[in-house]
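Quick caveat: nothing in here was measured; it's all calculated off a predicted structure.
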Amino acid sequence: VLPKVADYASVWATIQDLSLAAVLVLVVVSAWNLASVGPVLMTAFPGLRFWEAMTVAQSGTAASSALPGGEVVAYALVYRMYRSFRLSTGDVAIGMVVSGMFDNLAKFSMPVIAFVCIRITGDSDDGLTIVAIIGFGLLVGSIVVSLTICTVTENEVVSMGSAAAKAIAASTATIRS
């Protein structure tokens, strides 16, 4: 997919044209981007160590990007990895929900942040405005859903889980028959 979207030769030519200072900034920002995932996962999964968090993050990303059905495979893989790192089933479930909520908040805020940056430079167009508005709507929606999830009672969670389990069981029974 990427060769159809990105021209590697053009990217490499651009990198070769960068000054040494720009290359160093690129390397530092790339390293920061990779390393920033560890503390987030350590917060969502108490007891997880930094290198364990980094292993989970990079393995999950690789699986979701490279394998058929990647997201599903990645969730199964990281679940098993968390369990192998001494985390209980409940801790893994809570951690995956919490880290997923914040991951989505970050992803949905990016178009808004990008739009603001582009507007500051005065280089925006209508297409970017539409994407930013959609991103802002998704951001607000995900905040509302996150706050709603945080305020439900245990009985409501059990009820929602039972309903979801019944729906999944019904859909898999339909697929099998």
Side-chain angles (χ1 to χ4, degrees), residues 1-15 26-27 29-114 127-128 130-132 134-139 141-143 145-146 148-149 157 160-177:
V1 172
L2 281 179
K4 295 177 185 174
V5 176
D7 177 12
Y8 292 125
S10 173
V11 171
W12 182 242
T14 301
I15 290 172
L26 185 62
V27 168
V29 170
S30 297
W32 176 265
N33 179 47
L34 291 172
S36 66
V37 177
V40 172
L41 292 178
M42 291 167 62
T43 303
F45 298 90
L48 194 65
R49 292 178 278 218
F50 179 77
W51 290 113
E52 292 171 341
M54 293 303 297
T55 302
V56 169
Q58 301 312 315
S59 300
T61 299
S64 68
S65 299
L67 299 174
E71 284 294 322
V72 175
V73 174
Y75 274 109
L77 173 70
V78 299
Y79 173 80
R80 291 301 308 150
M81 291 178 79
Y82 286 131
R83 294 289 289 132
S84 75
F85 294 141
R86 312 156 316 281
L87 298 173
S88 71
T89 302
D91 287 342
V92 172
I94 290 170
M96 289 179 85
V97 169
V98 169
S99 64
M101 285 183 346
F102 284 103
D103 184 47
N104 285 328
L105 288 173
K107 286 177 183 174
F108 292 149
S109 65
M110 290 302 143
V112 177
I113 294 167
L128 293 175
I130 291 168
V131 170
I134 291 169
F136 183 71
L138 291 171
L139 176 63
S142 73
I143 290 170
V145 168
S146 297
T148 302
I149 288 171
V157 170
M160 287 186 278
S162 295
K166 287 177 187 174
I168 291 169
S171 67
T172 56
T174 303
I175 292 170
R176 289 182 190 160
S177 57

Check: Leu87 main-chain N/O paired with Arg83 side-chain donor or acceptor under 3.5 Å: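 Yes, because the side chain of Arg83 sits within donor-acceptor range (under 3.5 Å) of the backbone of Leu87.
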Check: Gln58 main-chain N/O paired with Thr61 side-chain donor or acceptor under 3.5 Å: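 Between the backbone of Gln58 and the side chain of Thr61 there is no qualifying donor-acceptor contact (under 3.5 Å).
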Nearest heavy-atom pair of [X] and [Y]: which atoms, and what distance?
X     : Y     : answer
Ser64 : Glu71 : CB-OE2, 3.5 Å
Ala74 : Gly60 : CB-O, 3.4 Å
Ser59 : Leu77 : O-CD2, 3.7 Å
Leu41 : Ala57 : CD1-CB, 3.9 Å
Gly47 : Arg86 : O-NH2, 3.3 Å
Pro46 : Thr43 : CD-O, 4.0 Å

Option among Phe50, Phe85, Tyr79, Tyr82 that satisfies the ring-ring contact (aromatic ring centres under 6.0 Å, His included) test with Phe45: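 Option passing the ring-ring contact (aromatic ring centres under 6.0 Å, His included) with Phe45: Tyr82.
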Distance (rounded to the nearest 0.5 Å) between Met54 CE and Met42 CE: 11.0 Å
